[in-house]
Peer 1: 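This structure is in structure tokens; I'll ask about it shortly.
The shown structure was predicted, so the numbers you read here are calculated from the model rather than taken from an experiment.
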Amino acid sequence: MRSPNGQFAAALGAAWHLAAPRSHGRCVVWRIVLSDEAEAPDRIEGPSLGVAFALGLRALLWRRPGASSLRDVFFGLRSRTAVTGALDTDGHLFRVAGMDAKLLAVRRKGFRLVAPEANRLEVTATAPRPGDVRFASTLREADRYARQFRTGRIAVTALALAAVTAGAFALHQNALAQAGRQTALVSQISAQADQLRTTDPSLAARIDIEAYRLKPNGDRYTRLLEESNRPLSTTLGKLPDHIRHAAFSPDGRTLAAISSDDRQQGVLRIWDMAQPKGPALLGQPVRIPGAASLEFSPDGATLAIAGSIMANAGVQLWDVKDPAHPRALGPALSRTSAIPPMAFSPDGHILATGARSYMDEQLWDVSDPAHPARLGGPIHHASAVNVAAFSPNSHTLVTSSVEDGARMWNVANAAHPVALGKIWTAIGAAVFTPDGRTLAIGDGDTVQLLNVANPKHTKRRGGPLTSIRNDLHAMALSPDGHTLATPGENNTLRLWNIANPDHPTSLGPPAASPTPRINSVSFARDGRTVATTGSDDDTVRLWHLPTALLTNHTAGVTSTVFAPNGRLLATTAADNTVRLWNVSEPAHPAPLSLIKNFSNTVISLAFSADGRTLATIANGERRVILWNLTHPTKPAVLAQLTFPLGAGSGVESAVFSPDGHTLATSTSTVVSGGADGVSLWDISDPAHPRLRGQPIAAVGSTGSFKFHTFAFSSDGHTLALAGRYTSDKVQLWDVTDPDHPTRSGPPLPGGANLMTLSPNGHALATVAQTFIGGSPGDGEVKLWDITDHNHPTRLGPPLSGYSSRVTDIAFSPDGRSLATSGNGLRLWNVSDPAHPAPIGQTFAANALELSSLAFAPDGKTLAFGGEDGTVRLWTLGADQIIRQICAITDTPTRPQWNKYLSALPYRPTCT
């Protein structure tokens, strides 16, 4: 091959080589059309043409002579498929540069692209639309994908990109100008989204989608990923009057709202919330003079509706068994007031309402809602009553007034309530946790959590929840009692994890609401939907909380591990428990079982290859417990490995080999000369583990705590060992014969507190920390090429960017991404480990430090736990992220589109 461009010639030569032997005796004349525009590019990026040449030759030379002309095969056709990729003489596709420019070019022309598998990560980070790109690792795959795009014939267009700077190419000057205009447009749209983010994050997310579609990149991808895992909202549409109050029915299937029209007449509307296409209004709005607030009975069959103070209306009961046709059960209850505090007892037998004097709370027997009966005299207060809340067992009532403060009453005999005493000063709202032991109260601009197990001696639990709207009078608790929703400052919604009331934590930053002054909050039965209304608002806003947020742990999470089949997740925390989850549907994880009664925090979790055995190690214990997970809802002890260790010694870690036949365990001691090392166990029969060979000693390492972390290679032949605290080496061991492990190559300097091997076993990521703040290189992630164990080498610069320690690292299953956690979550492109690059910005995924993370085996989900006791599962696919945002946000109206996206044609749907 002769050409002034050597790379061009090499690409064509490789293609011709692959065409042999059919190329023998054949002569092919190429007419290369560099551009169908007025001006051709200055020069060609040679390697990227290799696949295009090869497919053209394949299509030509494999035909019968005379069956098709060259023009029919390659030249002059308006192909809809573009191909790019470097090629070797064995038919393997290699990475090419300038994918952003190539994507821009094919999108501008409406083509679809076939690209090398090695480019997948950078394209995934920019996440094209479905069908835009197919990836191939061999010429055969590229040929199949190209033929799939066009049936009956194949026409392949090679992308020739002009080089404008070193390492960057574009099609031509016209394309560059258009790309510049598009970049400016995307920047403008992103700026619009940034302005909206603090006032309407849901609309901002929809605008971010449009910016991303115009010009995908890592920053916009990570922004969408973060937004899809924060509370976003939809509305029930613009209504003709102001919404005063809204509440979900106990089963979550309906939502009722009270509004007031221009004549201050109350209007009741009920929506069906179970329709697949979204909420649907049931029947016709019902006018109820003076109606201002409502409360569902526990069975959802009755609505208590209270009037407004201005209307001087009382409380009326309505039958809503047929929600499309609500029916009044009689006149308003006699001598009831329009003062809002109104509550049903959880057993459904009692209704507490305001009395005509405003300073009294009256109890009613509503066992038969059609015939309510007064229960004794009213409960008197020194000023107007503004709070009423029953305990879960219906035996205790909390009320509050400005003069009396918050008080508790024994209403086991509702006809004769007994005062239990004052528990706090005046409050604006109150709600019990499901166990009845904790009461959340609104106290000015804070929420206090009180231990009310003994009503006569209440105590404050944990610190107060702050950044709450002043004069708080609305809040709601999720059915499981873990999540508390409150109005926040500056028209925001705040979410709190109170699974452990002694240590409540924020579930992320405040969610900005376009609704002014949220005045009612209601949780749906699923615990993932919150309805809010605001003053002078004309809609009900539905907040959609992340579905894959696990709040069952009551202390900081220490480990998250997927089973090899990806359907099971194990988590452990400082609450001395292990929890098992069904994550077959990662967006909707379900609890399976709880393993408890450990003596301390479980510090190591490991699944066997078949997922049927789980190894656990509790801190300070001298044993490893193997659990039988054949039935994950009923884990049972299968065997225990005990270690005859002395004082100051313990088992540190455990990991299974990929074939599931070997378990590696490490022991450490603070005693000089103690039992430090790694033992290998034959667990072919997990019920009868057998020690293999002698423990691996920490040869050549200084200090104590010699081995703390280790990892098997994917073939199970190599075990990488690293130390903790003072150990200064990472060692590689050949464990092909577990009975006789041998050192493999020299140690890697620097040590590692954390370590993970890439799936192909060629790259090792390590983190070494001195635990002395500000030490040089402290907490940096280093990548090593260990393909040749005898000559391990550093790859690229260290990965840094955290202002605190790195707490965990994990390779994605394809080895192209690395996730790191610490004071945030960060993703890295390591498809070329010698040139790692961050994907977007660090996620502030949690108010507290993240402590553990793990990729699902299919690479589509990332699970991570934090010091706030939560575990989150994030979907990573860009298409799924966009669909998720679209499902929980409203389509921008035409006026909104014209204001923020005027340069784009209106898109009434999100797909």
Peer 1: Hey, is the main chain of N619 close enough, under 3.5 Å, to the side chain of T601 for a donor-acceptor pair?
Peer 2: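 A pair under 3.5 Å: no.
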Peer 1: Determine yes or no for a side-chain-to-main-chain donor-acceptor pair under 3.5 angstrom, with N497 supplying the side chain and L507 the backbone.
Peer 2: no
Peer 1: Quick test of your reading of the model: are D502 and R461 salt-bridged, counting only N-O distances below 4.0 Å?
Peer 2: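 Result for this pair is yes, salt bridge flagged.
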Peer 1: For residues S593 and R579, is any side-chain donor paired with an opposing acceptor at under 3.5 Å?
Peer 2: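 No, no side-chain donor-acceptor pair sits under 3.5 Å.
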Peer 1: Is a donor from one side chain sitting under 3.5 angstrom from an acceptor on the other, for S604 and E652?
Peer 2: no
Peer 1: For a quick check under 3.5 Å, do N500 and H503 share a side-chain donor-acceptor pair by atom type?
Peer 2: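 Absent: no donor and acceptor within the cut-off.
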Peer 1: Looking at side-chain heavy atoms only, is the closest gap between R692 and R690 below 4.5 Å?
Peer 2: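 Counting from C-beta outward, R692 and R690 do come under 4.5 Å.
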Peer 1: Applying side chain to side chain contact (heavy atoms under 4.5 Å, CB included) to N823 and E849, what does each step give before you reach the verdict?
Peer 2: CA-CA 5 Å; N823 60 353; E849 185 179 69; 5.5 Å; no
Peer 1: Quick check against the 3.5 Å criterion: does S666 have a side-chain atom that pairs as donor or acceptor with the backbone of S653?
Peer 2: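 Side chain of S666 to backbone of S653, a donor-acceptor pair under 3.5 Å: yes, one is there.
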Peer 1: Between P298 and S345, which heavy-atom pair has the shortest distance, and what is it?
Peer 2: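 That would be CG-O, 3.2 Å.
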Peer 1: Tell me if a side-chain donor or acceptor on T438 pairs with a main-chain N or O of V452 at a distance below 3.5 Å.
Peer 2: no
Peer 1: Apply the test side chain to side chain contact (heavy atoms under 4.5 Å, CB included) to residues F607 and T613: give CA-CA distance (whole Å), side-chain angles for both, the deciding distance (0.1 Å), then the verdict.
Peer 2: CA-CA 6 Å; F607 277 103; T613 305; over 6 Å; no
Peer 1: Give the minimum heavy-atom separation between T870 and L549, together with the two atoms involved.
Peer 2: CB-CD1, 3.9 Å
Peer 1: Within this structure, what is the CZ-CD1 distance for the pair R623 and I617, rounded to the nearest 0.5 Å?
Peer 2: 11.0 Å
Peer 1: If we ignore hydrogens and angles and just use 3.5 Å, is the side chain of D575 paired with the main-chain N or O of T554 as donor and acceptor?
Peer 2: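 A pair under 3.5 Å: yes.
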Peer 1: With a 4.5 Å heavy-atom cut-off, do P510 and L493 have their side chains touching?
Peer 2: no
Peer 1: Crowded around R612 CZ? As in, over 12 foreign heavy atoms under 6.0 Å?
Peer 2: no
Peer 1: Would you indicate whether the side-chain heavy atoms of T577 and N552 approach each other to under 4.5 Å?
Peer 2: no
Peer 1: Roughly how far apart are R528 CZ and H588 NE2, rounded to 0.5 Å?
Peer 2: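 Rounded to the nearest 0.5 Å, the CZ-NE2 separation comes out at 9.5 Å.
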Peer 1: Please report the closest heavy-atom contact between P434 and P479, naming both atoms and the distance.
Peer 2: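 The pair with the smallest heavy-atom distance is CG-O, 3.6 Å.
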Peer 1: Would you check if F598 and T572 make a side-chain contact, meaning some heavy-atom pair closer than 4.5 Å?
Peer 2: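 No, their side chains stay 4.5 Å or more apart.
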Peer 1: Would you find a donor on one side and an acceptor on the other, under 3.5 Å apart, between the side chain of T446 and the backbone of P464?
Peer 2: no
Peer 1: Does either side chain, that of W681 or that of T662, offer a donor lying less than 3.5 Å from an acceptor on the other one?
Peer 2: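 The criterion, which ignores hydrogens and geometry beyond distance, is not satisfied for T662 and W681.
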Peer 1: Quick check, are the ring centers of F843 and W874 under 6.0 angstrom apart?
Peer 2: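 Yes: the rings meet the under 6.0 Å criterion.
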Peer 1: Go through R460 and W424 one step at a time and tell me if the side chain to side chain contact (heavy atoms under 4.5 Å, CB included) criterion holds.
Peer 2: CA-CA 10 Å; R460 186 162 58 186; W424 205 259; 4.1 Å; yes
Peer 1: When rounded to the nearest 0.5 angstrom, what is the spacing between CD1 in I595 and CG in N576?
Peer 2: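 Spacing of CD1 (I595) from CG (N576) equals 13.5 Å.
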Peer 1: Give the intermediate values and the outcome of side chain to side chain contact (heavy atoms under 4.5 Å, CB included) for residues M475 and V431.
Peer 2: CA-CA 8 Å; M475 60 183 175; V431 60; 4.0 Å; yes
Peer 1: I'd like to know if the side chain of S478 reaches the main chain of G527, judged simply by a donor and an acceptor atom lying under 3.5 Å from each other, with no hydrogens or angles considered.
Peer 2: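 No.
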Peer 1: Could you report the tightest heavy-atom contact between V530 and A485, atom names first, then the distance?
Peer 2: CG1-CB, 4.5 Å
Peer 1: Using a 4.5 Å cut-off on heavy atoms from C-beta on, say whether the side chain of F523 contacts that of D526.
Peer 2: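 A side-chain contact is absent here, since even the closest heavy-atom pair is not under 4.5 Å.
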Peer 1: Apply side chain to side chain contact (heavy atoms under 4.5 Å, CB included) to Q880 and list each qualifying residue two or more places apart in sequence or on a separate chain.
Peer 2: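 Side chain to side chain contact (heavy atoms under 4.5 Å, CB included) check on Q880 returns T875, R883.
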Peer 1: Is a donor on one side and an acceptor on the other found under 3.5 Å between the side chain of S394 and the backbone of D347?
Peer 2: yes
Peer 1: Which heavy atom of A430 sits nearest a heavy atom of L439, and at what distance?
Peer 2: CB-CD1, 4.1 Å
Peer 1: Looking at side-chain heavy atoms only, is the closest gap between V447 and L484 below 4.5 Å?
Peer 2: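 A side-chain contact under 4.5 Å exists here.
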Peer 1: Does S506 reach the side chain of W496, with side-chain heavy atoms less than 4.5 Å apart?
Peer 2: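 Touching, per the 4.5 Å side-chain cut-off.
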Peer 1: Just by distance, no angles: are the side chains of T571 and W581 close enough, under 3.5 Å, to form a donor-acceptor pair?
Peer 2: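 The answer is yes; a qualifying pair exists.
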Peer 1: With heavy-atom distances below 4.5 Å as the criterion, would you say the side chains of L450 and I441 are in contact?
Peer 2: yes
Peer 1: Would you check if the side chain of T458 reaches a backbone N or O of N451 as a donor-acceptor pair within less than 3.5 Å?
Peer 2: no
Peer 1: For the residue pair A343 and F390, what are the closest heavy atoms and their distance?
Peer 2: O-CE1, 3.4 Å
Peer 1: Verify the distance criterion only: is there a donor paired with an acceptor across the side chains of S821 and T807 at less than 3.5 Å?
Peer 2: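 Side chains of S821 and T807: pair found under 3.5 Å.
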Peer 1: Could you tell me whether the side chains of W627 and T616 share a donor-acceptor contact shorter than 3.5 Å?
Peer 2: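 Note: W627 and T616 side chains meet the donor-acceptor criterion.
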